[in-house]
Every structure is written in structure tokens, then in C-alpha cells.
Engineer: 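To start, I am sharing the structure in question, which I have written as C-alpha cells.
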Amino acid sequence: MKILPQEHIVLIRQAIESARAAGDLPAFDLPEIRVQPPARPEHGDYASPVAMQLAKLARKAPLEIAEIIVRHLPEAPFLGGASVAKPGFINFRLNEDWLKQQVEAIIAEGDALFTLERGKGQRAQVEFVSANPTGPLHIGRTRGAVIGDTIARLLEALGYDVEREYYFNNAGRQMEMLGRTLQARYLQALGHDAALPEEGYAGEYMKDIAAQLVEEVGDSWLEQDWQPFKEYAEKIIFGWIRDSLLRLGVRHDVFFNENSLYEDGAVWRTLDALREQGYIYEAPVWEGASEEERAAAGDAAPATWFRTTRLGDDKDRVLVKASGEPTYTLPDIAYHVNKFERGFDLLVNVLGADHGLQYQTVRRGLQALGYDPSKLHVVIHQMVRIYKDGRLIKGSTRAGDVIPLDDVMDQVGPDPVRYFLLARSPNTDVDFDLDLAIAHNNENPVYYIQNAHVRCAGIFRMAEARGFSDEDADLSLLGEQEMVFLRQALRMGEMLLYAVDEMAPHQLAVFALDTARIFHPMYDTVRVFHSEVPEDVARARLRFYRAARIVFRRLLTLMGMNAPDFM
RNA sequence: GCCCCCUUAGCUCAGUGGAUAGAGCAGCUGCCUUCUAAGCAGUUGGCCGAGGGUUCGAAUCCUUCAGGGGGCGCCA
């Protein structure tokens with residue numbers, strides 16, 4: 001399908017060239033030409049302020065420039081006309097016959113509607129969720145899952161070959177605590193006296209795992225140390241996470257274990273590479289430390305520091321602790337080096353706001369090693385606040401005070417979860433009111449959008465029952481309302497490009513709702529099977545609704561939601 | 001103290017330097033004999049946090065300030 005603003009820009013450029021050749025416009029460097037749908041439909045389908053931008057360069061009045069451009073505008077099948085409006089806008093109208101014929105173009109593309117060329121032949125990777133297996137997936141993490149998966153779907157729509165990756169660590173202190181917690185719960189389940197470790201995981205789910213373990217091995221693990229418990233807990237919890245994600249429509253292609261970066265020596269190679277570039281030193285405190293900091297450190301053992309201040313940081317960062325153990329940051333840099341070495345053309349990393357600083361250090365590491373950091377897009381989303389009974393729930397996996405995703409999906413289903421977490425800009429905090437999500441589910445935008453698809457499906461059930469076909473429909477019989485819908489549908493391509501360029505997947509949710517807003521009033525009056533609708537008009541309308549159904553199925557699929565036939 | 005995000009209708013939020021700033025929810029008035037009323041029609045509601053700047057043009061860009069959220073470990 002055509003991306004209409006781009007097509008219009010080509011025409012404007014040609015018009016300016018031709019105006020210059022004719023001596024109507026002087027020579028000047030062309031600024032970026034913008035074409036957008038105007039705020040008000042009576043101004044046309046697309047509009048450009050280019051003449052106003054050019055006024056100074058061409059030393060002519062905007063209105064005059066606009067007239068000149070319009071006069072030199074070449075013809076195009078989609079172009080119905082162009083006019084000049086007051087301050088100096090050029091307004092374009094689509095050719096109505098062409099517009100009506102787009103019904104066939106939409107049907108021809110089907111489920112691949114608006115699959116673009118942008119990423120053709122290129123590989124993209126999206127890393128998201130990346131939660132360590134210490135507890136069930138909770139609603140806060142789910143925001144990253146929804147944003148990441150939707151970005152992946154958008155990239156696929158742009159023609160990229162996309163890989164979804166999940167990075168995890170099953171070797172650290174967190175996991176030891178998990179093992180020790182299960183050990184304690186196991187002993188308790190068998191009636192022994194055992195205290196939870198101080199930094200253990202207090203959530204009820206650890207009791208469930210213990211009960212399951214007792215059922216499997218009885219009392220034969222009484223003398224076991226924490227390691228087998230850790231492995232058992234990890235296996236169970238990863239199963240939960242995978243199942244929850246699957247239920248949400250999210251499936252990762254690669255699970256990348258941080259440990260492998262130690263096994264193949266990548267962690268230390270990364271440190272050596274940074275050292276070679278002169279970014280590494282050993283010291284008890286960082287080079288720029290104040291007297292107080294130095295005094296506080298006393299004669300502590302030296303740690304290994306990354307001179308990030310040379311790259312704009314206000315403080316250097318530790319990569320290897322005095323104990324000789326790396327911090328989380330070093331393997332994370334090594335991991336991103338690994339990603340770059342795998343030859344992706346585009347990397348996306350979806351993180352919660354609490355990791356904002358971390359990624360800065362990783363980015364500086366990549367920069368220090370000579371990688372092009374512009375290839376890496378980091379999407380940082382703000383937090384999800386959950387309200388239940390009007391009360392804010394502070395989520396901590398360790399304290400067990402979290403709402404598991406599955407509990408929410410049990411109550412509202414996966415589609416509203418996806419929609420609510422997608423529909424807001426990643427930059428905004430989300431207030432997820434559980435009571436509202438459940439109680440008001442009939443007045444949800446989710447169902448408003450899905451109902452558009454349901455209504456289309458209903459028309460085709462009726463068509464089938466009556467044996468009525470849309471073959472050889474005469475699309476010229478379509479009316480004004482159908483054209484309003486088609487104009488909106490044809491803007492989908494622009495929206496997809498914008499959503500990816502800005503890493504703003506919520507654009508999809510906004511666009512889907514806008515499209516449904518146009519659909520429902522139209523459906524109310526543009527009937528197919530009605531005694532007053534002549535057969536040839538009915539045929540054209542049925543053809544049109546076939547296209548409309550494809551539009552909604554495509555939008556819902558891109559959002560990872562169902563496109564139901566019944567509700 | 002430093003960094004990031006937010007501030008737009010009663011509430012929750014969209015808004016890509018362009019023309020008269022938009023939805024949903026809540027409120028009010030109507031509409032089911034025709035393909036799903038989870039819908040439609042109508043209506044109420046705005047100093048776009050405040051000041052300054054850039055621009056032909058600012059909710060949008062820059063800057064100062066105020067208010068709210070989050071982050072600032074040799075944790076992961």
C-alpha cells in the first residue's frame with residue numbers, strides 16, 4: 001500500500017523543480033517537506049505548510065508560492081485536486097474513484113495489510129521482559145512485555161526479520177536466596193522448624209512450590225543443600241512465566257543466559273577491551289571522589305572502575321567489586337557487545353524506569369568500545385501503579401506484595417491487559433485500577449474496538465445465510481461515509497512508520513480507537529441487508545465491509561489482541 | 001544535591017512546529033420491527049502548571065521556576 005504523505009512529498013518536490021525550470025521560483029536549498037492530514041476535514045485529506053517555510057528562501061509571499069507549486073503539480077492517480085488556503089497552506093484531496101478502489105487493494109493485501117518495505121532484508125532484535133525467575137510475572141513487568149512484543153510486531157509490519165529475546169540470570173545471589181527460601185518452605189511443609197532467610201522471598205507462591213516438591217520427592221530432600229532447591233524453584237517459576245506470557249500472546253525466540261557470558265569468557269574479554277581503550281583502573285574509591293568519600297572508604301580493598309566520567313557521567317562506575325566478583329553492569333555490557341556482534345541492523349531494549357541509569361552505563365561501555373550506539377534503541381517505560389479497593393499496592397517480589405499477571409487475566413482476560421498497558425505513552429505512569437478494569441468491562445475501549453470486528457463478522461454470517469456474494473461489486477456505488485472510513489484506514493501506514501520512528505507503540509492503540517470511532521456511526525446508517533438498500537449497493541457495501549474487517553483484524557493482531565467473531 | 005518522567009475538560013489520557021486543541025469515562029436528553037444497543041444521535045465541560053525566549057506560526061522547541069512520580073549501591 002502507498003504511504004500517502006510520502007507520495008505527496010514526491011509530487012511537491014517535482015512541482016518545485018518544474019517551477020524552477022520555468023523560472024517561477026529561484027534556486028534554494030529545499031528544507032524538509034512535511035505533509036500531514038489537516039486538523040479539519042474540510043481542509044482536505046492531506047496538507048502541506050511548505051509554502052510558508054519557503055517564503056524567506058524564495059523571497060515571495062507564501063500564498064504566491066503555494067499557487068506556483070499547485071500550478072506545477074504533476075498528475076497522480078490518487079490525487080483528486082489541490083488548492084491554496086489562507087496563510088499559505090496547500091490542501092490536497094484524494095481522487096474519489098481511486099479511494100473507492102482501495103477496497104480491492106486492502107482485500108488483496110489481507111492479513112499482510114500495510115506490511116512495508118522499510119526493514120526489508122534487515123534483522124532486528126527486541127529484548128524485553130528479562131525478569132529473573134524469582135517469582136510469577138507481575139503486572140508491572142507485564143507492561144514491558146506488552147510494549148516489547150508490540151514493538152516487535154510493529155517492526156515485523158515494517159518488513160524486518162524480528163527476533164524476540166529474554167535475558168536472564170540464574171546464578172546470582174537472588175537465585176541463591178530463592179533456593180534457600182524453598183529449602184525453608186520445604187522443611188516447614190514437612191513439619192520441621194525452619195526460618196526464612198532474611199532476604200528470602202516471602203510470597204505465598206513459594207509455599208505452593210514446596211507443597212509440589214513434597215508431593216514429588218517426599219522427605220528424601222531433608223539433607224539437601226540449597227542448590228537443588230534453587231534449580232527446582234527456577235524450573236517451576238520459569239514455567240509459570242512462560243505460560244503467563246503465552247497466554248498474553250508473547251513468545252520469545254531466544255532465552256539468553258547471562259551465565260554463558262562467563263562460560264565463554266566474554267565478560268573478561270569485555271573488561272580487557274575496555275582496559276585497552278584506557279577506561280579501566282583499580283582503586284579503593286573513584287578518581288574524582290571527595291575527601292569525605294575517601295575517608296569513608298578508609299583502606300578498603302581496590303575495586304575495578306570504569307572511567308565513565310570521560311563519557312559524560314558525573315561519577316565513575318564499578319565493574320568488578322573488591323571481592324573480585326563483577327557487578328551486574330559488566331556482564332550487561334558484555335551482553336550488548338554480544339548483541340552487536342550478532343549482526344543485527346536494529347536493536348531495541350525495553351526497560352522499566354528503575355533501570356534508566358543502568359542503561360546509560362551500558363551505552364557508555366558500547367561507545368568506549370567503538371560500537372555505534374545509535375543502532376540501539378532503549379525504550380524506558382514508567383511504572384505501573386496498581387490500585388485495589390482504592391488503595392495503592394506497592395509491588396515487591398521479595399515481600400510477596402505483588403499482583404500476579406495471571407490473577408488479573410483470570411478476571412479480565414488477556415485483551416484488556418494488553419490494551420490498557422499499551423494505550424498510554426511509555427513515558428507516562430499507568431494507574432491500573434483493578435476494580436475499574438473488572439467492573440467497567442462493558443464500557444471498555446477494548447470492546448469498542450473488538451465490537452467493530454464482531455459487527456463485520458455478523459454481516460458476513462448474514463450474507464452466507466442469504467447466499468449473497470460480493471463478487472463483481474461496483475465500488476463506485478460507495479458513499480461519503482465509507483470514504484471517510486477508507487481515508488482513515490489508508491493512514492495506517494503513516495501511523496506504523498511514526499510509531500516505530502518514535503518508539504511509541506501506543507500510537508497503535510490510539511489509531512485503533514479512532515478507527516472504531518469512525519466505524520460505528522457509519523455501521524449504524526450504512527446497512528447492507530435492508531429492504532431499502534438496492535442489491536447492487538448492498539453488493540458494494542458488502543465488499544467494503546470485507547475490507548473494513550481486514551483493517552480491524554490487522555489492527556487487533558498488531559496489538560496482540562483477538563479479533564473475535566462473537567461477543 | 002544530581003539525573004529521568006509527568007503537569008492538557010470533573011476523572012483517566014491522546015495530541016508528529018501549522019488552520020477553530022481531541023477521545024474515553026462521569027453528567028444530562030433521546031433512540032432497539034431490519035447485519036450484535038458492548039451501539040447511535042444530541043448536549044454540558046479548557047488562562048494546554050507559571051514566567052521568559054526562538055519562530056511567519058508554540059500545547060509541541062529552548063530556558064527559569066513551581067507541583068507530583070521514579071531513580072541516584074563494590075544489589076540484581
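As the structure is a prediction and not an experimental result, all values here were calculated from the model. Here is how names work: the chains are called A, B, and so on, in the same order as the sequence lines, proteins then strands, and each is numbered from 1.
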Engineer: Could you check whether A:Pro87 gets within reach of a base, just the sugar-phosphate, or nothing at all, counting any heavy atom under 4.0 Å?
Structural biologist: nothing
Engineer: What nucleic acid atoms does A:Gly458 come within less than 4.0 Å of, heavy atoms only: base, sugar-phosphate, or nothing?
Structural biologist: sugar-phosphate
Engineer: Describe the nucleic acid contact of A:Val528 in one word from base, sugar-phosphate, nothing, applying a heavy-atom distance below 4.0 Å.
Structural biologist: base
Engineer: Taking the six-membered ring for Trp, are A:Tyr166 and A:Phe238 ring centroids under 6.0 Å apart?
Structural biologist: yes
Engineer: Across the strands shown, which category fits A:Asp313 at heavy-atom distances under 4.0 angstrom: base, sugar-phosphate, nothing?
Structural biologist: nothing
Engineer: State whether A:Tyr498 places a side-chain N or O below 4.0 Å from either non-bridging phosphate oxygen (OP1 or OP2) of B:rA14.
Structural biologist: no
Engineer: Are more than 12 heavy atoms, taken from residues, nucleotides or ligands other than A:Lys56, located less than 6.0 Å from that residue's NZ atom?
Structural biologist: no
Engineer: Does the side chain of A:His8 come within less than 4.5 Å of A:Leu4's, by heavy atoms?
Structural biologist: yes
Engineer: With sequence neighbours excluded, tell me which residues meet side chain to side chain contact (heavy atoms under 4.5 Å, CB included) with A:Ser83.
Structural biologist: A:Asn91
Engineer: Only counting residues at least two apart or in another chain, list the ones meeting salt bridge (Lys or Arg N to Asp or Glu O under 4.0 Å) with A:Arg491.
Structural biologist: none
Engineer: Evaluate whether atom CZ of A:Arg173 has more than 12 neighbouring non-hydrogen atoms of other residues, nucleotides or ligands under 6.0 angstrom away.
Structural biologist: no
Engineer: With a cut-off of less than 4.0 Å, is there a side-chain N or O of A:Asn169 near OP1 or OP2 of B:rA76?
Structural biologist: no
Engineer: Would you mind telling me which of B:rA14, B:rU20, B:rA19 lies closest to the side-chain atoms of A:Thr428?
Structural biologist: B:rA14
Engineer: Counting only side-chain heavy atoms from C-beta out, which of B:rC35, B:rC74, B:rG18 sits nearest to A:Thr327?
Structural biologist: B:rC74
Engineer: So what does the secondary structure string of RNA chain B come out as, 5' to 3', with Watson-Crick or wobble pairs under 3.5 angstrom, [ ] for crossing and | for pairs with another strand?
Structural biologist: (((((((..((((....[...)))).(((((.......))))).....(((((..]....))))))))))))....
Engineer: Which part of the nucleic acid, if any, lies within contact of A:Asn91, taking any heavy atom under 4.0 Å across all strands shown: a base, the sugar-phosphate backbone alone, or nothing?
Structural biologist: base
Engineer: Given B:rU12, is OP1 or OP2 found less than 4.0 Å from the side-chain N or O atoms of A:Arg424?
Structural biologist: no
Engineer: Quick one: does A:Arg307's side chain have a donor or acceptor within less than 3.5 Å of a partner on A:Glu287's backbone?
Structural biologist: no
Engineer: Is the phosphate of B:rA76 approached by A:His355 (side-chain N or O, under 4.0 Å from OP1 or OP2)?
Structural biologist: no
Engineer: Using a 4.0 Å heavy-atom cut-off, does A:Ala55 contact any base of the nucleic acid, only the sugar-phosphate backbone, or nothing at all?
Structural biologist: nothing
Engineer: If you look at every strand shown and take non-hydrogen atoms under 4.0 Å, does A:His520 touch a base, only sugar-phosphate, or nothing?
Structural biologist: sugar-phosphate
Engineer: State whether A:Phe28 and A:Arg59 meet the cation-pi test: NZ (Lys) or CZ (Arg) under 6.0 Å from the six-membered ring centroid, and within 45° of the perpendicular axis.
Structural biologist: no
Engineer: Verify the contact: side-chain N or O of A:Arg455 to OP1 or OP2 of B:rA37, cut-off strictly under 4.0 Å; return yes or no.
Structural biologist: yes
Engineer: Which part of the nucleic acid, if any, lies within reach of A:Val526 when heavy atoms closer than 4.0 Å are counted: base, sugar-phosphate only, or nothing?
Structural biologist: base
Engineer: Tell me what A:Tyr448 touches on the nucleic acid: a base, only sugar-phosphate, or nothing, going by heavy atoms under 4.0 Å.
Structural biologist: sugar-phosphate
Engineer: Considering every strand and a 4.0 Å limit on heavy-atom distances, what is the contact class for A:Ala300: base, sugar-phosphate, or nothing?
Structural biologist: nothing
Engineer: Starting the side chain at C-beta, find the nucleotide from B:rA76, B:rU36, B:rG70 nearest to A:Val454.
Structural biologist: B:rU36
Engineer: B:rC6, OP1 or OP2 - any side-chain N/O from A:Ser425 closer than 4.0 Å?
Structural biologist: no
Engineer: Side chains of A:Asn338 and A:Phe256, heavy atoms from C-beta outward: is any pair under 4.5 Å?
Structural biologist: yes
Engineer: Identify all pairs in which a protein N or O lies below 3.5 Å from an N or O of nucleotides 53-60 of chain B, and state each distance.
Structural biologist:
{"from": "B:rC56", "atom 1": "OP1", "to": "A:Lys56", "atom 2": "NZ", "distance (Å)": "2.3"}

Engineer: Restricting to salt bridge (Lys or Arg N to Asp or Glu O under 4.0 Å), what partner residues turn up for A:Arg424, sequence neighbours left out?
Structural biologist: none
Engineer: Pull out every residue in residues 530-550 of chain A that has a heavy atom closer than 4.0 Å to any atom of RNA chain B, ordered by number, or say none.
Structural biologist: A:His530, A:Ser531
Engineer: Is the shortest side-chain N/O distance from A:Lys321 to OP1 or OP2 of B:rG73 below 4.0 Å?
Structural biologist: no
Engineer: Within the 4.0 Å heavy-atom criterion, would you say A:Phe460 contacts the bases, only the backbone, or no part of the nucleic acid?
Structural biologist: nothing
Engineer: Please confirm whether the shortest side-chain N or O distance from A:Gln507 to OP1 or OP2 of B:rU16 is below 4.0 Å.
Structural biologist: no
Engineer: Across the strands shown, which category fits A:Arg461 at heavy-atom distances under 4.0 angstrom: base, sugar-phosphate, nothing?
Structural biologist: base
Engineer: May I ask you to say what A:Ala301 touches in the nucleic acid, namely base, sugar-phosphate or nothing, with a heavy-atom cut-off under 4.0 Å?
Structural biologist: base
Engineer: Any base atoms under 4.0 Å from A:Pro564, or only sugar-phosphate, or nothing? Heavy atoms, all strands.
Structural biologist: nothing
